[in-house]
Amino acid sequence: MNLEICKFCNKRSLAAKHLGNEELERLGNNCNEVRFAKGDIIFKQNALSSNIIYIKEGLVKVHISGPEREQILKISKGPAFLGIPTTFGEKINHYSATAINDTIVCFIDIMTFKGFIATNSEFSYEIIIDLCKNEIYNFHRCVNQLQKQGPGRVADALLFFADEIFERDHIELPLLRHEFGDLTGNSRENVSRILTDFNREGLINLNGKNIELLKKDLLRQISEKG
DNA sequence: GCATTAACCACAG
DNA sequence: CTGTGGTTAATGC
């Protein structure tokens, strides 16, 4: 443990920005930083967990095994909390998390975290905001998945990667076709077909995992109309 | 009926 | 792993 690790961290969460010096030392004393390589499992569904997980850096996929197939719930980019909902009320994880890139994750002791919630209202406030944003995001995703059809969901995912993850229109899909299917609720074959269709129609420039979004306005239309 | 959508299977790079 | 073609089932004109 390193007392200074959180004090001088430049990837602090919005919540942790409200911690004082003494609190940051306590945090540093009760958390641990772990590096994960691409494909490493950060935590697994049904395993016991007594930590709050914070992604300092990197991309993580959050997934759950459904009755039919694997479902990717979302892709999270650090810095972000991951797993407050799983660890707060329950002892076991309700989903798994896997590193997509090389990732740095902080495991924060739950009692320390709860202590901040109890004593630092600014900290708590930021955590609540985070949870609310998450819930709203999930509501939207739920509607999308249920009411849109294949191409709409794929267009959604492409725009998500371009706007939220890479922040440019040329993306390198960090998922296999099979996983991209798990994310968008399509079979791997369908993902393949939809992408080649988009390519043929000039909406994207497709080159394996390298995808360039050429007509984002049209992709948005497809995404909205389903 | 006919068209659309998407899943499943099989096979080829 | 990925792309494609054929087949099949469900759903909506």
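Convention: sequence-line order gives letters A, B, ...; per-chain numbering from 1.
The aromatic rings of A:F123 and A:F113 sit perpendicular to each other, their planes meeting at more than 60°, with 30° as the lower class boundary.
Considering only residues two or more places apart in sequence or on other chains, A:S96 meets the side-chain hydrogen bond (donor to acceptor under 3.5 Å, both in side chains) condition with none of them. Listed by chain and residue number, nothing satisfies the ring pair (Phe, Tyr, Trp, His ring centres under 6.0 Å) test with A:F180 (two or more places apart in sequence, or in another chain). By the side-chain contact (heavy atoms from CB on, under 4.5 Å) test, A:K215 pairs with A:L203, A:D217, A:L218, sequence neighbours left out. For A:D182, the side-chain hydrogen bond (donor to acceptor under 3.5 Å, both in side chains) test picks out no residue, with sequence neighbours left out. Among residues two or more places apart in sequence or in another chain, the ring pair (Phe, Tyr, Trp, His ring centres under 6.0 Å) test is passed with A:F161 by none. Shown here are the side-chain hydrogen bond (donor to acceptor under 3.5 Å, both in side chains) partners of A:T103, two or more places apart in sequence or in another chain: there are none.
Using a 4.0 Å cut-off on heavy atoms, the residues of residues 185-192 of chain A that approach DNA chain B are A:G185, A:S187, A:R188, A:E189, A:N190, listed by number. Residues of residues 195-210 of chain A that place a heavy atom closer than 4.0 Å to DNA chain B do not occur.
Along DNA chain B, the stretch of nucleotides lying under 4.0 Å from any heavy atom of chain A spans, 5' to 3', B:dT5 to B:dA10.
Here C:dC1 presents its P atom at 17 Å from CZ of A:F180, a figure rounded to the nearest Å. Whole-Å rounding puts the A:L173 CG to C:dC1 P distance at 14 Å.
Panel note: side chain A:K77, backbone A:I165; a donor-acceptor pair is recorded below 3.5 Å.
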Between side-chain atoms of residues 169-177 of chain A and protein atoms elsewhere (two or more places apart, or another chain), which donor-acceptor pairs fall under 3.5 Å?
unit_1	atom_1	unit_2	atom_2	d
A:D169	OD1	A:K216	NZ	2.9
A:R177	NH2	A:G208	O	2.9

- Once base and sugar-phosphate atoms are separated, protein heavy atoms under 4.0 Å mark nucleotides 6-13 of chain C, 5' to 3', with B, S and - as B-------
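Apart from A:Y125 itself, the hydrophobic cluster it occupies contains A:I129, where clustering links Ile, Leu, Val, Met, Phe, Trp and Tyr at side-chain heavy-atom distances under 4.5 Å.
By the neighbour-count criterion of 12 heavy atoms within 6.0 Å, atom NZ of A:K209 is densely surrounded, having more than that number from other residues, nucleotides or ligands.
Partner of A:I52 under the side chain to side chain contact (heavy atoms under 4.5 Å, CB included) criterion, out of A:D109, A:I110, A:T112, A:I127: A:I110 alone.
Residue A:L82 holds its CG atom at 5.5 Å from OH of A:Y95, rounded to the nearest 0.5 Å.
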